[in-house]
Peer 1: 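I have a structure I would like to understand better, so I am pasting it below and will then ask my questions one at a time.
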Amino acid sequence: MPRSLLAALMLLVVGSGPAESADPKTDRPPNVVIVFADDLGYGDLGCFGHPTIRTPNLDRMAAEGMRFTQFYVGASVCTPSRAALLTGRLPIRSGMCSDKRRVLFPNSGGGIPEREVTLAEALKARGYATAAIGKWHLGHLPRFLPTNNGFDSYFGIPYSNDMDRVGGKGPKGRAVFWEPKTEYWNVPLMRDTKIVERPADQTTITKRYSEAAVEFIEENAEKPFFVYLAHNLPHIPLFASDEFLGTSPRGLYGDVVQEIDHGVGQILEALEEQGIAENTIVWFTSDNGPWLPFGTHGGSAGLLREGKGSTWEGGMREPTIAWWPGTIPAGSVTTELGSTMDVYTTSVKLAGGDVPADRIVDGVDLRPVLTGKGPSPRKSVLYYRGTRVFAVRMGPWKVHYVTESGYRRDRVEHETPLVFHLEHDPSEKHDVAKDHPEVIEAAAKFVAEHREKLVQPPSQLEIPLKK
Ligand code: MG
């Protein structure tokens, strides 16, 4: 075989690599960056209406990108919400939820099951370099860590920053959160699978996470990459570095959000400096709503009802921004429905791949929304609390079967479900059930069909750590 023919055949097999294309940076699938805050409320950003928290970088991201005003997470607490984002599936499908333990703890023995195809695994299969930075909370035992779930590297605290409380240190009970010190929580900071610092110095953690993301972007600018930057904050206990302490009129919570915002600015700048901004989609959102029992140390859901832990809107609707210069229309605002599970599906499609066909994936492809060319394929939202469907959204309607505050024992099982028109009544104040029996009927049918098809594996959150 002549050498030239062989070379041509090789090219067919390998595809056109960067060496052959005129502009290698636009000839490859887009980079994906997800910045995921922890317990940040719908009302906590300048561009989502907060009066005293200044977020110039996120505001800029919104001005150059798209704000989603009806964007949801897969659960109202950390572990199941993160599982939903990284698997594109409702947490009940992966076993990453429970009615007994709401999240994983340092004494948990479970974690994200191997059979799940994480977003990192799906993108890695498409040739992406992958990094997880920050809070993991999908299992801290070696086999569950990011580097065993598709990420090339990991730098972060493997669970919540209020875990591993050191007994006898600092004020008792809740008071410890009002004047937090790093040494009150013995949380580990890990690099890949090794603990490199314990307790993790939380005063510099946000800054170090953002810097790690920038470093990874600079090192991988020549190939497609995926950065999952999941901040531990503004989950309590709140910590900010000296540079940010006292900078916000909102107090310590504002300082923390402003430091996260600063890091977002550094990431956008790094993408621009590397000349890859137009080939990178950056998402910003949060894992669940504000932790209201913590008063001013918790955030605000703005006009939405309740917060973290509940299936009211404040628990699961998040302030979400997508930025992709040249592709997402600048300064756009969409009221189309979206979910973190859709970030999974959209990212896999953008990478030229497809979601696993051997299981139900709940995410939909949001490309029509992002390009401003069409409506969202998402028409419904299921609001799970643990293993139960507490509510469902269909179009503008939300039907509640069970209501309960995040952290108060006030559960009500509604014989006649509550019905709210979320576009007329985003604060869920005016129940219109008696005027809309057809909505109740359609929702019941939808939920029954969903539950019939559901395959529910055992809960990972109920597995104890073996001594
Ligand atoms: Mg959280």
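Note that ligands are numbered from 1 as they come in the structure, with each ligand's atoms numbered from 1 the same way. Position 1 is the first residue of the sequence; numbering continues from there. Computed from a prediction, not measured in an experiment: that's the story for all the values here.
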Peer 1: Sequence neighbours excluded and cut-off under 3.5 Å, please list the side-chain donor-acceptor pairs for residues 175-189, or say none.
Peer 2:
| unit_1 | atom_1 | unit_2 | atom_2 | d |
| --- | --- | --- | --- | --- |
| T182 | OG1 | Q202 | N | 2.9 |
| W185 | NE1 | D162 | O | 3.4 |

Peer 1: Can you tell if the side chain of C78 reaches within under 4.5 Å of the side chain of Y159, non-hydrogen atoms only?
Peer 2: no
Peer 1: Nearest N/O/S atom of D287 with respect to the Mg ion (ligand 1), by atom name, please.
Peer 2: OD2
Peer 1: Are there more than 12 heavy atoms of other residues, nucleotides or ligands under 6.0 Å from atom CG of D410?
Peer 2: yes
Peer 1: In D38, which N, O or S atom comes closest to the Mg ion (ligand 1)?
Peer 2: OD1
Peer 1: For the Mg ion (ligand 1), decide whether C78 has an N, O or S atom at a distance under 2.8 Å.
Peer 2: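 C78 does place an N, O or S atom closer than 2.8 Å to the Mg ion (ligand 1).
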Peer 1: Taking atom CD of E114 as the centre, does the number of heavy atoms from other residues, nucleotides or ligands within less than 6.0 Å exceed 12?
Peer 2: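 No, the 6.0 Å shell around CD holds no more than 12 heavy atoms from other groups.
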Peer 1: Is the Mg ion (ligand 1) less than 2.8 Å from an N/O/S atom of N288, whether that atom is in the backbone or a side chain?
Peer 2: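 Checking N288: at least one N, O or S atom is under 2.8 Å.
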Peer 1: Under the side chain to side chain contact (heavy atoms under 4.5 Å, CB included) test, which residues partner S108, sequence neighbours left out?
Peer 2: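 Testing S108 for side chain to side chain contact (heavy atoms under 4.5 Å, CB included), a comparison that skips the adjacent residues, returns R101, L104, F105.
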Peer 1: Which single N/O/S atom of D39 lies at minimum distance from the Mg ion (ligand 1)?
Peer 2: OD1
